[in-house]
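Heads up, the thing below is written out as structure tokens.
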Number of protein chains: 2
Amino acid sequence: MVAKKRTVVSAGGGRPGRGLSRDRILQAAMSLVDQEGEQGLSMRRLGSSLGVEAMAIYNHFENREAILDAMADWLFSQMSPPGAGAGWRSMVRGLAMEFRGLALRHPNRFGVAMSRPSKPARALPLMDVVLGALAQGGMSPARRVQVYHALVGFIRGFLLWEMDIRAGRCALELPREMLAEFPHVKAAAARMGLSDLDRLFAGGVDVILEGGLR
Amino acid sequence: MVAKKRTVVSAGGGRPGRGLSRDRILQAAMSLVDQEGEQGLSMRRLGSSLGVEAMAIYNHFENREAILDAMADWLFSQMSPPGAGAGWRSMVRGLAMEFRGLALRHPNRFGVAMSRPSKPARALPLMDVVLGALAQGGMSPARRVQVYHALVGFIRGFLLWEMDIRAGRCALELPREMLAEFPHVKAAAARMGLSDLDRLFAGGVDVILEGGLR
DNA sequence: ACCTGAACACCGTTCAAGT
DNA sequence: ACCTGAACACCGTTCAAGT
């Protein structure tokens, strides 16, 4: 990695440094992460973006990890509860889509949240809603858990991949010269674009729900 | 994070430092990662575990990232090609199980591989085999791609979660006092143990294959 | 109660110099 | 061709001291 210059723009209200608070720190941390990803967040840079020495932050957060955790909590807090009216299928689909919307709106914050161990307390409310929906769909208790974990696994894995593609960290289109060697890839996945990601995600959720019903 | 003492055991044949090579470096890097995860791998520690200064490594790898990439490549190279005889379903299942076996045998190396952008070149051979199997199952080209990505997403997401649980980074059993608030979780997922992970993974793969067939 | 200065124990990487 | 020494520009975190 090149030791490139790192010019940091002061975050939010920035300057004064008076009235440091968990919330002001979290906002500044998120804006740092938005710009450069998790590795862009250092205690020293965070401090300076708030007009304060790095060490001042330790009065409000135990350590760097705690800030990243708070960021994950923030992300989950942005999920609004599902509309009551709709059927169980469109409710599950709606939650999945909303989750992905969050990822698309805040890709770097989402990357942080998804690459850390998932605290159960964070996901429990959502888990309850989804399990309830699957019960309405007529699935047995064991089946519900099964399908829930298939969904959650898929969503996490797929969105990590999608964010990597959108950030240019890996390619969606496969190298043309390699396709010759792999006929099935060539036949099935010849060319894909960003717009296919919508279908791929929605379709994955549907595949799992269909499969869950036998 | 506490600045704890880091005693490093010399890796493999360690001592001499003569005959440094990409392979010797990769082995040492993997053993460092096995012991302490990705963050346990620093160029300086890696050098000292090989009886060499950190800077010597740059004669064989471009930088730290390149070492982590080589580790991901190594992991995929450990996947043996699927048995020819079996049906398409058990072939896909077999590949998934073998992949998980790799994760269980080398959890930290796997964690490294799974948290980095997936290079297409690395996954293409496997992708071809899986798409071929799904074609044998009678799925249309579009459907094949759909189900392939559902599988890959699920496998990545689920195994990241499972590794976090097995490493004690997050809890499998849900906090008993929270269950009261979430009746559906309580009813469906009251208690789970490590042995349920086998079922959960295999079942997830099956759900996706079933769903892929309508 | 909250912030600073100085220090400790680290990082990845470059580059000129040695062999 | 391969390795070392010294340096540069960073890290997270602790702790005594200031206000």
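Distances were taken from every side-chain heavy atom of B/Arg44 (C-beta onward) to each of C/dG12, D/dC2, D/dT13; the shortest belongs to C/dG12.
In this entry the distance linking CD of B/Glu65 with P of C/dC11 reads 17 Å, nearest Å. Between A/Phe61 atom CZ and D/dG12 atom P there is a gap of 15 Å when expressed in whole angstrom units. Atom-to-atom, OH of B/Tyr58 to P of C/dA17 comes out at 21 Å; the value is rounded to the nearest Å. One interatomic measurement links the two molecules: CG of B/Asn63 to C1' of C/dT13, which rounds to 9 Å at whole-angstrom precision. As a whole-Å value, the separation of B/Met55 CE from C/dC15 C1' is 11 Å. With rounding to whole Å, B/Met43 atom CE is found 16 Å from D/dC10 atom C1'. When the P atom of D/dT4 is taken as reference, atom NE2 of B/His60 falls 11 Å away, rounded to whole Å. Per the geometry, CD belonging to A/Gln39 stands 13 Å off P belonging to D/dC10, to the nearest Å.
Between B/His106 and B/Trp74, the two ring planes are perpendicular [angle over 60°; tilted spans 30° to 60°]. Aromatic ring pairs are classed by plane angle as parallel below 30°, tilted from 30° to 60° and perpendicular above 60°; the pair B/Phe201 and B/Phe158 is tilted.
C/dC8 is paired with D/dG12 under the criterion used here, namely a Watson-Crick or G-U wobble arrangement in which both key atom distances are under 3.5 Å. When both pairing distances are held under 3.5 Å, C/dG18 makes a Watson-Crick or G-U pair with D/dC2.
Using a 4.5 Å heavy-atom threshold, the side chains of A/Phe110 and A/Met163 count as touching.
C/dA9 and D/dA9 have their P atoms separated by 23 Å, with the value rounded to a whole Å. Across D/dC8 and C/dC11, the matching C1' atoms stand 12 Å from one another, rounded to whole Å.
Taking CG of A/Leu151 as the reference point, atom CZ of A/Phe99 lies at 12.0 Å (rounded to 0.5 Å).
Residue B/Glu162 forms a salt bridge (charged side-chain N to carboxylate O under 4.0 Å, His left out) with just one option from B/Arg100, B/Arg156, B/Arg169, and that option is B/Arg100.
Using a 4.0 Å heavy-atom distance criterion, B/Leu41 is classed as a sugar-phosphate-only contact. Counting non-hydrogen atoms under 4.0 angstrom, B/Leu46 reaches nothing in the nucleic acid.
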